[in-house]
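Have a look at the structure below, then the notes.
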Amino acid sequence: MSRKVIVTAALTGAIHTPGMSPHLPVTPEQIVAEGRRAAEAGAAILHIHARDPESGRPDQSVEAFGRILPALKETGAVLNITTGGSPFMKVEERVAPAAHFRPELASLNMGSMNFGLYPMQARYPDLPNEWENAHLEGSRDLVFRNTFADIEHVLGTCAPNGTRFEFECYDTAHLRNLRHMIDRGFVTGTPFVQTVFGLLGGIGADPEDVTVMRAMARRQLGDDHLWSVLGAGASQLRIAAMSAAMGGHVRVGLEDSLWAGPGVLAESAAQQIASVASILDGLGMAMATPDEARDMLGLKG
Ligand SMILES: C[C@H](N)CC(=O)CC(=O)O
Ligand SMILES: [Zn+2]
């Protein structure tokens, strides 16, 4: 029986901006179409952010999510609503859509961190909209804030609705923070751990970084967790391949990387998922269906 690997597709996010790729979905119609393509390509989970259709700026309003969620629900995939929003937002604003729509899954960053996007200025010296350039430059002095109180607030707001979490861990300390929340009873059941590689401010994207986070997850959580990875930018598929070979799960999508290969812009997450599918095929593994993922993650369905 081949091992089932849960593939998450992160559709648009809040880090990349429209000037960086013509393929970045911005409008509700584009985000829904991207979600359908990703689900058809085999993604079991869709990680969802919303944007203002005019400017492309991140939009964390309940209304903005209300324009995309019903259609994405029809794909049958597990819907994972962001509580990270954009690093420039406060926790009350960030948690609102997940609190309102009570999804099966919501993302939760397991700590605060410097969030360095400015190195992207080298590749994008002059983006078309001023807010896009300010977005990169502003990250020089940006802290993505998620204090223990913020984390408790998100857990306390969403867990009673039966929502479970994609615990985003950008460094070893975040895994210890998750352990702490388990010990205090704020987190119950088998945690779904999403280790994030290659974002400046967090751990790097070298093979050693992956083995360090894998070992730390085991040390802090024992075997009772599901481990998944996401690699930022050009590291995406390399990190995905390592995770699959090491017994883990995978996240791809234009939120995390705009690339399909060196210098080749991805037209859709579906293209990145197809590459993951061939890697898994080569390893004698298969992508989990949404219902198999629900069983593995203990979701409310
Ligand atoms: C690196 C990813 N953008 C992390 C993320 O997806 C955060 C969230 O939405 O909560
Ligand atoms: Zn996200």
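None of these values were measured; they are calculated from a predicted model. The residues of the chain are indexed from 1 along the displayed sequence.
Linking Ile, Leu, Val, Met, Phe, Trp and Tyr residues whenever their side-chain heavy atoms come within less than 4.5 Å leaves Val187 and Leu105 in two separate clusters. Under a hydrophobic-cluster definition in which Ile, Leu, Val, Met, Phe, Trp and Tyr are linked whenever side-chain heavy atoms come within less than 4.5 Å, directly or via other members, Phe186 and Leu108 are assigned to the same cluster. Note on Leu199 and Leu136: same hydrophobic cluster, where clusters join Ile, Leu, Val, Met, Phe, Trp and Tyr whose side-chain heavy atoms are under 4.5 Å apart, directly or indirectly. When the side chains of ILVMFWY residues are joined at heavy-atom separations under 4.5 Å, either directly or via intervening members, Leu230 and Val212 end up in two distinct hydrophobic clusters. By the rule that hydrophobic residues join a cluster once side-chain heavy atoms approach within less than 4.5 Å of another member, Leu46 and Val32 end up as members of one cluster.
The shortest heavy-atom contact between Ile48 and Phe65 is O-CE2, 3.6 Å. What you find for Ala10 and Arg251 is that their closest heavy atoms are CB-NE, 3.5 Å. Among all heavy-atom pairs drawn from Ala270 and Arg37, the shortest one is CB-O, 3.9 Å. In terms of heavy atoms, Met181 sits closest to Ile151 at CE-CG2, 3.9 Å. Residues Cys169 and Leu175 come closest through the heavy atom pair SG-CD2, 3.8 Å. What you find for Ile68 and Ile31 is that their closest heavy atoms are CD1-CG2, 4.0 Å.
Although no hydrogens or angles enter the test, the distance criterion places no donor-acceptor pair under 3.5 Å between the side chain of Glu255 and the main chain of Leu11. A donor-acceptor pair under 3.5 Å is absent between the side-chain atoms of His49 and the main chain of Pro58, judged by distance alone. A donor-acceptor pair is defined here as one N or O able to donate and one able to accept, closer than 3.5 Å; such a pair exists between the side chain of Asn80 and the backbone of Ser107. Using a distance-only test at 3.5 Å, with no hydrogens or angles considered, no donor-acceptor pair links the side chain of Asn109 to the main chain of Gly84. Asp209 places a side-chain N or O within 3.5 Å of a backbone atom of Asp206 that can act as its donor or acceptor partner. Under the 3.5 Å distance criterion, the side-chain polar atoms of Ser2 are left unmatched by any main-chain donor or acceptor of Met285. Judged by distance alone, the side chain of Glu34 and the main-chain N or O of Thr12 form no donor-acceptor pair under 3.5 Å. Between the side chain of Gln30 and the backbone N or O of Val26, at least one donor-acceptor pair lies under 3.5 Å. Side-chain atoms of Gln272 come within 3.5 Å of backbone N or O of Gly253 as a donor-acceptor pair. Side-chain atoms of Asp59 come within 3.5 Å of backbone atoms of Ser61 as a donor-acceptor pair (strictly under, hydrogens ignored).
The shortest side-chain heavy-atom distance between Glu168 and His47 falls under the 4.5 Å cut-off. Contact of the Thr17 side chain with the Trp131 side chain is registered, since non-hydrogen atoms from C-beta on lie closer than 4.5 Å. Under the 4.5 Å side-chain criterion, counting only non-hydrogen atoms from C-beta, Arg179 is not in contact with Arg219. Residues Glu74 and Pro70 are not in side-chain contact: their nearest non-hydrogen atoms beyond the backbone lie 4.5 Å or more apart. Between Trp227 and Arg218, every side-chain heavy-atom pair lies at or beyond the 4.5 Å cut-off. Side chains of Ile279 and Val250 form no contact here, defined as non-hydrogen atoms less than 4.5 Å apart. Contact annotation: the side chain of Val252 approaches that of Ile273 to within less than 4.5 Å [non-hydrogen atoms, C-beta and beyond]. In this structure the side chain of Ser139 never reaches within 4.5 angstrom of the side chain of Phe115, judged on heavy atoms.
Going from atom OH of Tyr118 over to atom CG of Asp141 covers 10.5 Å, rounded to the nearest 0.5 Å. Asp52 contributes atom CG, which lies 11.0 Å from atom OG1 of Thr27 (distance to the nearest 0.5 angstrom). Distance check: Thr83 OG1 to Met89 CE gives 11.5 Å after rounding to the nearest 0.5 Å. Between the CZ atom of Arg294 and the CD1 atom of Ile6 there is a distance of 11.0 Å, given to the nearest 0.5 Å. Taking CZ from Phe192 and CE from Met296, the interatomic distance works out to 9.0 Å, rounded to the nearest 0.5 Å. With values rounded to the nearest 0.5 angstrom, Ile81 atom CD1 is found 6.5 Å from Phe101 atom CZ.
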Take Leu117 and His135 through the test side-chain contact (heavy atoms from CB on, under 4.5 Å) and record every step on the way to the result. CA-CA 8 Å; Leu117 306 176; His135 173 77; 3.6 Å; yes

Determine, stepwise, if the pair Gln236 / Trp259 fulfils side-chain contact (heavy atoms from CB on, under 4.5 Å). CA-CA 8 Å; Gln236 185 177 69; Trp259 309 100; over 6 Å; no

Mind running side-chain contact (heavy atoms from CB on, under 4.5 Å) on Met216 and Thr195 for me, showing each step along the way? CA-CA 11 Å; Met216 183 60 79; Thr195 46; over 6 Å; no

Going through the checks in order, is the side-chain contact (heavy atoms from CB on, under 4.5 Å) test met by Met213 and Val229? CA-CA 10 Å; Met213 288 292 273; Val229 304; over 6 Å; no

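Counted within 6.0 Å of CZ on Arg102, heavy atoms from surrounding residues, nucleotides or ligands total 12 or fewer; the atom is thus considered open. Dense packing is recorded around CG of Asp224, with more than 12 heavy atoms of other residues, nucleotides or ligands lying under 6.0 Å away. For Lys300, the NZ atom is densely surrounded, since the number of other residues' heavy atoms within 6.0 Å is greater than 12. The environment of CG in Asp183 is crowded: more than 12 heavy-atom neighbours from other residues, nucleotides or ligands sit within 6.0 Å.
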What pairs of donor and acceptor atoms, side-chain ones from residues 237-246 against any protein atom, are under 3.5 angstrom apart with sequence neighbours left out?
| residue | atom | partner | partner atom | Å |
| --- | --- | --- | --- | --- |
| Arg238 | NH1 | Ala205 | O | 2.8 |
| Ser243 | OG | His249 | N | 3.3 |
| Ser243 | OG | His249 | O | 2.8 |

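Partners of Arg214 by side chain to side chain donor-acceptor pair (under 3.5 Å), not counting sequence neighbours, listed by chain and number: His225. Every residue meeting the side-chain contact (heavy atoms from CB on, under 4.5 Å) condition with Arg67, not counting sequence neighbours, appears here in chain and number order: Pro28, Glu63, Ala64.
His174 and Tyr170 have perpendicular rings, their planes meeting at more than 60° on a 0 to 90° scale where under 30° would count as parallel.
Between the side chains of Asp291 and Thr289, not a single donor N or O lies within less than 3.5 Å of an accepting N or O. The closest side-chain donor-acceptor pair between Glu93 and Gln60, if any, does not fall under 3.5 angstrom. Checking Arg184 against His180 by side-chain atom types alone, a donor-acceptor pair falls below 3.5 Å. For the residue pair Asp150/Thr147, the side-chain donor-acceptor check at 3.5 Å is satisfied.
Between Ile45 and the options Leu297, Leu79, Val7, a side-chain contact (heavy atoms from CB on, under 4.5 Å) holds for only Leu297.
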